[in-house]
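I have placed the structure first, in the form of structure tokens, so that the comments after it can refer back to it.
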Amino acid sequence: MTWPTIPKDNATRSAANLTDAVRAQFNWEDARDMLDGLPNGGLNIAHEALDRHVTAGHGDQVAIRWISKDGDRQDLTYAGLCADAARFANVLSEHGLKPGARVYSLLGRVPELYAAALGTLKAGMTFTPLFAAFGPEPIKSRMEIGEGNVLVTTESLYRKKVAGWRNDIGSLKLVLILSDGPMPENCVALRPAMDAAEDRFETAQTKDDDIALIHFTSGTTGKPKGAVHVHGAVVAHAATGRFALDLKPGDIYWCTADPGWVTGTSYGIIAPLVNRVTMIVDEAEFDLDRWYGILQDEAVQVWYTAPTAIRMLMRAGKDAAKPYDFSNLRFLASVGEPLNPEGVVWSRDVFGKPFHDNWWQTETGGIMIANTPEMDIQPGSMGKPLPGIEAGIVNTENGAVRECKPGEIGELALRPGWPSMMRAYLNEQARYDKCFVGGWYLSGDLAMRDKDGYFWFVGRADDLIKSSGHLIGPFEVESALIEHDAIAEAAVIGLPDETAGEVVTAYVALNPGFEPSEALERDIRGLARKRLGAAVAPREIIFRKQLPKTRSGKIMRRLLKARELGLPEGDISTLEADEK
Ligand code: ATP
Ligand code: MG
């Protein structure tokens, strides 16, 4: 079965109107016109996200509608968030911190997290958000690598995850605690300090190349890297938010990613605020009825989420969505993992709009390849490079770079030069240098470009399977498997085999109402053979209640393989609890 093209939605005009002519004329220098700029000509993310909107008279617009775990709503206006960011910046300065200091957060999605992020940037300091569900060791090691000076967290997170090692980190001077509970020794209560601070702060005169953020990668393929990003990246956040997410001032927008991952910062804080939308921030974790309820009750217009969540919605079936009204939704986008074509088609049935897949990485700082509103969607494709992005498929055998022909699989590469590109891997110069060959940045992902210029994800370079002379990408096999009614999620790896080199092995998690059985396995294998051919179809199907994933929702194929082969598990600091 091939997936039919989904024609572009002519009923909704996009903010950017990316016609071929607009694409051809685009350059990053002109894109700065979307922004204000500092008096000295430099850029500061907080200035673009907050200050300039308040100055322009939009202070009363809601910037964040926050929904607490209990379902209470709290609105924060642009003026209110700007004042809170200023208070946070003042608290930092009052404690003697200077521009360049490194501020870490370890918080759930609470309003203070957003004030801390923007306040840190306003003060010209570097912000590093950590995911609150990390254990003590991953927090400590990230703090150590980044030589953090400040940590903002809650009393209970501090007690459970920080107190035990705090004194081992010499750089850590200030711990700000958000809570009403007893204040741990040597810590400062955040809320009272903010309440006492001035609500104005002159935004630091940062330059484009000044460091703004350090973001750790998801750790899917190995030890997480700390990608260093600069204030000038905001040009890319502004443009890509408009091009790939269709953000318009005043939109109601919901990004479900946590700021502990780059999506939750680039598109959960910066791009939406720079584009002056109203963001929904939900403190709680995924819950089907809660999510459908938010889309309906908050009248969400633009929604940015991830395949792992989409597959959970699909698992519950279309009927679960029936009671809800999604008529306000205008644009749906997905990132983080390959989006199976079935998910695209499913979403059009359920929401009346298809998901638009887009691709990028922590390193690229912003969206690089996307299905934009002006394009017909080929379900299963990541789309085409955004304006200002030159992407290629390359082969780097023997140190030489060769561009691949349409249809040929190679490594997805980008020509450096867009504003949100990382400037370093923290303390890992050699690892960083290895990413650049022959004028290209190598992404570590394998992909294919078709004759029409659409890019198709194949798999991580490390996950490619070589079986009886065939090169097999896990994504293709996984997408075929989840077409089976019984299968909710699939992860495919290659295991060593004397004759074939490697054999394709699939791990699958089943939908409710299905139990593992030999008959089911036969049936799945039959479908896979029909869809993929005998050479590519998995030889073995292994049933699992759940698949090992990073906390950002990415399937860890390397871990399945290591466990299968009895090899060391490697860095699993970002692993969600799973069954072995
Ligand atoms: P690490 O680099 O530490 O192994 P990671 O690569 O998973 O972790 P991120 O930067 O969070 O860390 O994720 C980026 C990766 O996610 C991409 O390189 C790609 O493999 C995958 N990805 C993101 N979006 C898509 C997409 N639309 N389709 C396919 N894969 C995607
Ligand atoms: Mg990566």
Side-chain angles (χ1 to χ4, degrees), residues 14 16-34 208-209 227 229-230 232-245 262 266-267 271 333 335 338 356-376 378 381-397 399-424 432-458 460-461:
S14 85
N17 191 23
L18 289 185
T19 57
D20 289 345
V22 172
R23 283 175 174 269
Q25 277 165 16
F26 179 87
N27 68 68
W28 287 113
E29 209 36 58
D30 292 349
R32 293 176 76 99
D33 291 347
M34 291 181 70
D208 284 28
D209 283 336
H229 290 286
V230 297
V234 68
V235 180
H237 296 136
T240 57
R242 192 152 161 207
F243 296 161
L245 300 179
V262 74
S266 292
Y267 297 99
V335 74
H356 295 73
D357 189 18
N358 60 53
W359 176 94
W360 59 292
Q361 311 177 299
T362 307
E363 290 85 341
T364 69
I367 301 170
M368 299 282 108
I369 296 177
N371 288 281
T372 64
E374 300 79 5
M375 286 165 54
D376 296 338
Q378 309 297 344
S381 160
M382 308 187 284
K384 296 181 182 180
L386 288 181
I389 304 301
E390 186 185 342
I393 303 292
V394 304
N395 198 311
T396 52
E397 263 162 50
V401 182
R402 174 180 69 79
E403 282 199 57
C404 296
K405 293 188 281 294
E408 199 185 332
I409 293 173
E411 187 161 356
L412 177 51
L414 302 158
R415 289 277 187 208
W418 67 94
S420 63
M421 178 55 171
M422 69 165 166
R423 299 305 156 96
Y432 175 79
D433 291 341
K434 259 181 66 185
C435 300
F436 300 90
V437 179
W440 290 99
Y441 161 71
L442 303 176
S443 72
D445 286 346
L446 297 173
M448 184 271 281
R449 175 169 42 192
D450 67 19
K451 59 180 183 359
D452 301 318
Y454 283 81
F455 282 70
W456 300 77
F457 185 79
V458 170
R460 308 285 189 134

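Everything numeric here is computed off the predicted structure, so don't read it as measured data.
Atom CH2 of Trp418 is separated from atom CG of Leu386 by 11.5 Å, given to the nearest 0.5 angstrom. To the nearest 0.5 Å, atoms CE (Met422) and CD (Gln361) are separated by 8.0 Å. For the atom pair CD1 (Ile409) and CD1 (Ile393), the distance works out to 9.5 Å, reported to the nearest 0.5 Å. Rounding to the nearest 0.5 Å gives a distance of 9.0 Å between SG of Cys404 and CZ of Arg449.
The two residues Ala391 and Pro385 come nearest to each other via the heavy atoms CB-CG, 3.8 Å. Residues Trp28 and Ala236 approach most closely at CZ3-CA, 3.8 Å, considering heavy atoms. In terms of heavy atoms, Ala370 sits closest to Asn358 at CB-CB, 3.5 Å. Considering every non-hydrogen atom in both Ala227 and Thr362, the closest pair reads CB-CG2, 4.0 Å.
Side chains of Leu412 and Ile369 form a contact here, defined as non-hydrogen atoms less than 4.5 Å apart. Taking 4.5 Å as the limit, some side-chain heavy atom of Leu414 sits within range of a side-chain heavy atom of Thr364. Using a 4.5 Å cut-off on side-chain heavy atoms (C-beta onward), Pro387 and Leu18 make contact. Taking 4.5 Å as the limit, every side-chain heavy atom of Met368 sits out of range of all side-chain heavy atoms of Met382. Within the 4.5 Å cutoff, the side chain of Trp360 has no heavy atoms near those of the Thr240 side chain. Residues Arg423 and His229 are not in side-chain contact: their nearest non-hydrogen atoms beyond the backbone lie 4.5 Å or more apart.
Residues forming a ring pair (Phe, Tyr, Trp, His ring centres under 6.0 Å) with Phe457 (at least two apart in sequence, or on another chain): none. Residues satisfying the side-chain contact (heavy atoms from CB on, under 4.5 Å) test with Glu29, not counting sequence neighbours, are Asn27, Arg32. Applying the ring pair (Phe, Tyr, Trp, His ring centres under 6.0 Å) test to Trp359 and every residue at least two apart in sequence or in another chain returns nothing. The salt bridge (charged side-chain N to carboxylate O under 4.0 Å, His left out) search around Glu363 returns Lys225, not counting sequence neighbours.
Residue pairs that meet the side chain to side chain donor-acceptor pair (under 3.5 Å) test with at least one member in residues 16-25, sequence neighbours left out, do not exist here. Annotation: ring-ring contact (aromatic ring centres under 6.0 Å, His included) contacts involving residues 435-456, sequence neighbours excluded, comprise Tyr432-Phe436, Phe436-Tyr441.
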Query raised in the report: What do the steps show when you test Thr396 against Leu442 for side chain to side chain contact (heavy atoms under 4.5 Å, CB included), and what is the final call?
Result: CA-CA 9 Å; Thr396 52; Leu442 303 176; 4.0 Å; yes
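A side-chain donor-acceptor contact under 3.5 Å links Asn371 to the backbone of Asp357. The backbone N or O of Gly366 sits nowhere less than 3.5 Å from a side-chain atom of Ser266 that would complete a donor-acceptor pair. In this structure, the side chain of Lys384 does not engage the main chain of Thr372 through any donor-acceptor pair within 3.5 Å. The closest donor-acceptor contact from the side chain of Arg460 to the backbone of Gly444 lies at 3.5 Å or more, if one exists at all. Judged purely by atom type and a 3.5 angstrom limit, Tyr267 has no side-chain atom pairing as donor or acceptor with the backbone of Leu245. Not a single donor-acceptor pair under 3.5 Å links the side chain of Asp209 to the backbone N or O of Val230.
Arg402 pairs with exactly one of Glu411, Glu408, Glu397 by the salt bridge (charged side-chain N to carboxylate O under 4.0 Å, His left out) rule, that one being Glu408.
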